[in-house]
Amino acid sequence: MTARTPLLVRDPAEPQALRSDALINRNRILEVARETFAARGIDVTMREIARRAGVGVATLYRRFPTKESLVTAAFADQMAACASVVDDALADPDPWRGFCTAVERICAMQAVDKGFTAAFVSAFPDSIDFEGVRACAEEGFAELTERAKASGQLRADFAQEDLTLLIMANGGIVADTAETAVAASRRLAALLLQSFRAHPADPPAPLPPAAPIGLHNVVGNLQGPSQAVTAGQVSGRCPR
């Protein structure tokens, strides 16, 4: 069985035709929403999105009556891309390579977009798009898992819940730049994939280069952006 990607239907909040100024406003709102959700997650308020987009709150709600409709429209492309990752992996004749490729690409997508993961795992009852794509992605990854196990390359005790653990771990990456976040995610994925192998390679495959992150990033993640400690604030000396 191969996972089928459902078609993403047109956003129900979008009218058949918009005046040019209304279309500009809508595109601007979506652009700001994508950028803000990517940096701060989907808990950002609608009022904040409207302020950043330079439109009134009423204008925002005319285009997107609910927060869910805005999130759905903002992440439609990413949802399609995520489903495509799984479909591409299923098309790979090498089960282990397909499994690894899916894990690596999903981790990379998550590393640069905090909002997407939150949107992907959220329950939006009014969004047929998200529910359908997520169901197909989960079904497809389950098939990838079974194929990799059957090939003898994925350890037999790997469970679907382990994918959740992987996503949670990868989602905890905090870095100063998107490039550093992607580098850290790539190395984490490589480390975990080595542990998932039924028979680890001898010698093991070389890991991607370590990302320039330190314990100050952990402090920033635990305390939140407003209290994050920068690298310059952390002493490089160990007291004796």
Side-chain angles (χ1 to χ4, degrees), residues 3 5 37-39 41-42 75 78-92 94-123 130-131 133-175 177-201 204-215 217-218 220-222:
T5 304
F37 290 152
I42 61 173
F75 288 115
Q78 287 92 327
M79 289 295 287
C82 184
S84 177
V85 164
V86 176
D87 285 346
D88 290 347
L90 285 169
D92 193 321
D94 185 321
W96 175 247
R97 185 173 61 199
F99 178 87
C100 291
T101 299
V103 167
E104 291 164 352
R105 291 178 60 185
I106 289 172
C107 285
M109 290 174 62
Q110 180 188 25
V112 296
D113 196 332
K114 294 183 179 298
F116 173 66
T117 302
F120 188 77
V121 301
S122 295
F130 271 33
E131 292 298 327
V133 176
R134 181 168 56 224
C136 278
E138 290 176 347
E139 184 179 335
F141 195 84
E143 183 175 349
L144 282 172
T145 299
E146 292 308 311
R147 285 174 47 181
K149 285 183 179 181
S151 73
Q153 298 175 87
L154 176 64
R155 55 190 301 162
D157 58 354
F158 180 90
Q160 284 297 103
E161 291 81 4
D162 294 326
L163 174 64
T164 303
L165 288 176
L166 186 153
I167 291 174
M168 291 172 67
N170 192 66
I173 292 174
V174 175
T177 66
E179 291 77 9
T180 300
V182 170
S185 173
R186 187 178 298 118
R187 188 173 174 91
L188 174 64
L191 285 165
L192 291 174
L193 285 170
Q194 287 192 9
S195 73
F196 294 161
R197 289 191 67 127
H199 306 288
L207 294 171
I213 55 177
L215 291 178
N217 295 105
V218 178
N221 189 30
L222 294 174

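Here, residue 1 is the first one in the sequence, and each next residue gets the next number.
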Nearest 0.5 Å please: distance from the [atom1] atom of [X] over to the [atom2] atom of [Y].
{"X": "K149", "Y": "D157", "atom1": "NZ", "atom2": "CG", "answer": "7.5 Å"}
{"X": "E146", "Y": "L154", "atom1": "CD", "atom2": "CG", "answer": "8.5 Å"}
{"X": "L166", "Y": "L188", "atom1": "CG", "atom2": "CG", "answer": "6.5 Å"}
{"X": "E139", "Y": "L90", "atom1": "CD", "atom2": "CG", "answer": "9.5 Å"}
{"X": "R97", "Y": "Q153", "atom1": "CZ", "atom2": "CD", "answer": "10.0 Å"}

Minimum heavy-atom separation for [X] and [Y], please, with both atom names.
{"X": "A184", "Y": "I213", "result": "CB-CD1, 4.1 Å"}
{"X": "M109", "Y": "A81", "result": "CE-CB, 4.2 Å"}
{"X": "C107", "Y": "N170", "result": "O-ND2, 3.0 Å"}
{"X": "R155", "Y": "S195", "result": "NH1-O, 3.1 Å"}
{"X": "F158", "Y": "T145", "result": "CD2-CG2, 3.7 Å"}
{"X": "A102", "Y": "L144", "result": "CB-CD1, 3.8 Å"}

CA sep, side-chain torsions, deciding dist, call: I106, Q110, side chain to side chain contact (heavy atoms under 4.5 Å, CB included): CA-CA 6 Å; I106 289 172; Q110 180 188 25; 5.5 Å; no
Quick one: does any side-chain atom of D88 pair with a main-chain N or O of V85 as donor and acceptor, under 3.5 Å? no
Would you say the side-chain atoms of Q194 pair up with the backbone N or O of A205, donor to acceptor, closer than 3.5 Å?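 Checking the backbone N and O of A205 against the side chain of Q194, a donor-acceptor pair under 3.5 Å is found.
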Report the C-alpha distance between E138 and L163 in whole Å, list the side-chain angles of each, state the deciding distance to 0.1 Å, and finish with yes or no for side chain to side chain contact (heavy atoms under 4.5 Å, CB included). CA-CA 10 Å; E138 290 176 347; L163 174 64; over 6 Å; no
Can you label the angle between the F196 ring and the F99 ring as parallel, tilted or perpendicular, going by 30° and 60°?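 Ring orientation of F196 relative to F99: perpendicular.
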